[in-house]
Amino acid sequence: MNKMELLANALEYMEANLSREIKTEEVAKACYCSKAALEKLFRCLNHISIHDYVVRRRMTLAARELANQPEKTVLQVALNYGYST
């Protein structure tokens, strides 16, 4: 598997699991690579860590949902994206 396929698989896994807790080890295991290799590649290409990417994606999606569905409470949206408090 080349580096771009690895990165695509990692992004696909993260996007599919944004509503639950995601650990870097899980992403690496799903992509059949080491945690260190995945972290290095991800940071090199995206200039942020995997954890920061997940946090930013969740916040972006939550903000979009709040803007498009004003009837939902912040708590409802937060729980949809894996935030417990």
Indicate every side-chain donor-acceptor pair of residues 3-14 with a distance under 3.5 Å to a residue at least two apart or in another chain.
{"from": "E5", "atom 1": "OE1", "to": "N2", "atom 2": "N", "distance (Å)": "3.1"}
{"from": "N9", "atom 1": "ND2", "to": "E5", "atom 2": "O", "distance (Å)": "3.4"}
{"from": "Y13", "atom 1": "OH", "to": "R20", "atom 2": "NH2", "distance (Å)": "2.8"}

Between side-chain atoms of residues 63-76 and protein atoms elsewhere (two or more places apart, or another chain), which donor-acceptor pairs fall under 3.5 Å?
{"from": "E65", "atom 1": "OE1", "to": "Y81", "atom 2": "OH", "distance (Å)": "2.9"}
{"from": "E65", "atom 1": "OE2", "to": "K72", "atom 2": "NZ", "distance (Å)": "2.7"}
{"from": "E65", "atom 1": "OE2", "to": "N80", "atom 2": "ND2", "distance (Å)": "3.2"}
{"from": "N68", "atom 1": "ND2", "to": "R64", "atom 2": "O", "distance (Å)": "3.3"}
{"from": "Q69", "atom 1": "OE1", "to": "K72", "atom 2": "NZ", "distance (Å)": "3.1"}
{"from": "T73", "atom 1": "OG1", "to": "Q76", "atom 2": "N", "distance (Å)": "3.0"}
{"from": "Q76", "atom 1": "OE1", "to": "T73", "atom 2": "N", "distance (Å)": "2.8"}

Cut-off 3.5 Å, no hydrogens considered: what does the side-chain donor-acceptor table look like for residues 28-42, sequence neighbours left out?
{"from": "S34", "atom 1": "OG", "to": "A37", "atom 2": "N", "distance (Å)": "3.0"}
{"from": "K35", "atom 1": "NZ", "to": "E25", "atom 2": "OE2", "distance (Å)": "3.1"}

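Listed by chain and residue number, D52 satisfy the side chain to side chain donor-acceptor pair (under 3.5 Å) test with S49 (two or more places apart in sequence, or in another chain). Partners of R43 under the salt bridge (charged side-chain N to carboxylate O under 4.0 Å, His left out) rule, at least two apart in sequence or in another chain, do not exist in this structure.
To the nearest 0.5 Å, atoms CG (N17) and CD1 (I22) are separated by 5.5 Å.
Sorted by first then second residue, the side chain to side chain donor-acceptor pair (under 3.5 Å) pairs that include residues 54-63, not counting sequence neighbours, are E15-R57. Screening residues 55-79 for ring-ring contact (aromatic ring centres under 6.0 Å, His included), with sequence neighbours left out, gives no hits.
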